[in-house]
**Student:** 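I am attaching a structure below and will ask some questions about it afterwards.
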Amino acid sequence: MLRDAALRVTAPRLAVLNVVHDNPHSDTDTIIGQVRENLGAVSHQAVYDVLRALTTAGLLRRIQPTGSVARYETRVADNHHHLVCRSCGAIADVDCAHGAAPCLTASDDHGYTIDEAEVVYWGLCPDCSTSSSPK
């Protein structure tokens with residue numbers, strides 16, 4: 001994947017890809033911690049640089065729901081959306097409800113060539129809605 005994206009294969013890049021693949025929607029601090037567990041001493045800046053390079057190359061997708069830090073995922077080949085829990089912040093993927101990308105047709109595209117639509121569904125995850133329901 002790295003070579004196909006014209007990127008050198010390095011241990012930090014491989015480690016970041018593996019961590020994000022295994023832990024979708026991870027924030028930067030989580031990624032840094034897991035990469036350090038796998039590689040030892042790696043600077044914050046090195047991980048930030050890798051995240052930027054992989055995102056720019058299209059190998060990672062960066063999302064940032066309102067009120068949240070940036071999160072990363074390896075699911076980049078489609079135009080899926082996200083469910084976000086208002087209570088605990090859990091994030092889950094949800095496929096487009098209306099066919100192929102961009103899955104939403106703007107009522108007026110104002111001359112833009114639309115190539116992506118972003119929808120975020122907000123609510124309570126099953127654990128939070130169970131714990132907050134009246135007894």
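Nothing fancy with the numbering, it's 1 onward along the sequence.
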**Student:** Considering all heavy atoms of both residues, which atom of Val76 and which atom of Gly58 are nearest to each other, and what is their separation?
**Tutor:**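 Heavy-atom minimum between the residues: CG2-O, 3.2 Å.
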**Student:** How long is the straight-line distance from OG1 of Thr74 back to CZ of Arg61, given to the nearest 0.5 Å?
**Tutor:** 11.5 Å
**Student:** Quick one: pull up CD1 in Ile31 and CG in Leu17 and give me the separation to the nearest 0.5 Å.
**Tutor:**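 Between atom CD1 of Ile31 and atom CG of Leu17 there are 10.0 Å.
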**Student:** Only one of Leu59, Leu54, Asn38 clears side-chain contact (heavy atoms from CB on, under 4.5 Å) with Val16; which?
**Tutor:**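 For Val16, the side-chain contact (heavy atoms from CB on, under 4.5 Å) test succeeds with only one of Leu59, Leu54, Asn38, which is Leu54.
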**Student:** Tell me, do Met1 and Leu7 make a side-chain contact under 4.5 Å, heavy atoms counted?
**Tutor:** no
**Student:** Just by modelled atom types, is the Pro126 backbone N or O under 3.5 Å from a matching donor or acceptor in the Thr130 side chain?
**Tutor:** yes
**Student:** With rounding to the nearest 0.5 Å, note down the distance linking NE2 in His80 to CD1 in Ile63.
**Tutor:** 7.0 Å
**Student:** Does Val69 reach the side chain of Asp29, with side-chain heavy atoms less than 4.5 Å apart?
**Tutor:**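 With C-beta onward as the side chain, the pair stays apart.
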**Student:** Using side chain to side chain contact (heavy atoms under 4.5 Å, CB included), reason through Leu2 and Leu14 one step at a time and then give a plain yes or no.
**Tutor:** CA-CA 8 Å; Leu2 291 167; Leu14 288 172; 3.8 Å; yes
**Student:** What distance separates Tyr72 OH from Thr55 OG1, expressed to the nearest 0.5 Å?
**Tutor:**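 Rounded to the nearest 0.5 Å, the OH-OG1 separation comes to 5.5 Å.
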**Student:** Would you say Leu124 and Trp122 are hydrophobically clustered, going by side-chain heavy atoms of ILVMFWY under 4.5 Å?
**Tutor:** no
**Student:** Only one of Glu73, Arg71, Gln34 passes side-chain contact (heavy atoms from CB on, under 4.5 Å) with Asn23; say which it is.
**Tutor:** Gln34
**Student:** Do you know the tightest heavy-atom contact between Cys85 and Cys125?
**Tutor:** SG-N, 3.3 Å
**Student:** May I ask you to test the Ile32-Val42 pair for a side-chain heavy-atom distance under 4.5 Å?
**Tutor:**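 They are not in contact (no side-chain heavy atoms under 4.5 Å apart), so the answer is no.
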**Student:** Less than 4.5 Å apart, any side-chain heavy atom of Val84 and any of Thr66?
**Tutor:** no
**Student:** Going through the distances and angles, do His82 and Val94 end up as a side chain to side chain contact (heavy atoms under 4.5 Å, CB included)?
**Tutor:** CA-CA 5 Å; His82 296 96; Val94 61; 5.7 Å; no
**Student:** Is there a side-chain contact between Arg75 and His25 in this structure, where contact means two heavy atoms from C-beta onward sitting under 4.5 Å apart?
**Tutor:**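 Heavy-atom side-chain distance check fails, nothing below 4.5 Å.
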**Student:** Hey, does the side chain of Arg13 reach the backbone of Arg8 with a donor-acceptor pair shorter than 3.5 angstrom?
**Tutor:**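 Here the side-chain-to-backbone pair exists.
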**Student:** To the nearest 0.5 Å, tell me how far Ser43 OG sits from Asp49 CG.
**Tutor:** 7.5 Å
**Student:** Is there side-chain contact between Ile91 and Leu83, with at least one heavy-atom pair below 4.5 Å?
**Tutor:**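 The answer is no, as the side chains (C-beta and beyond) never meet within the 4.5 Å cut-off.
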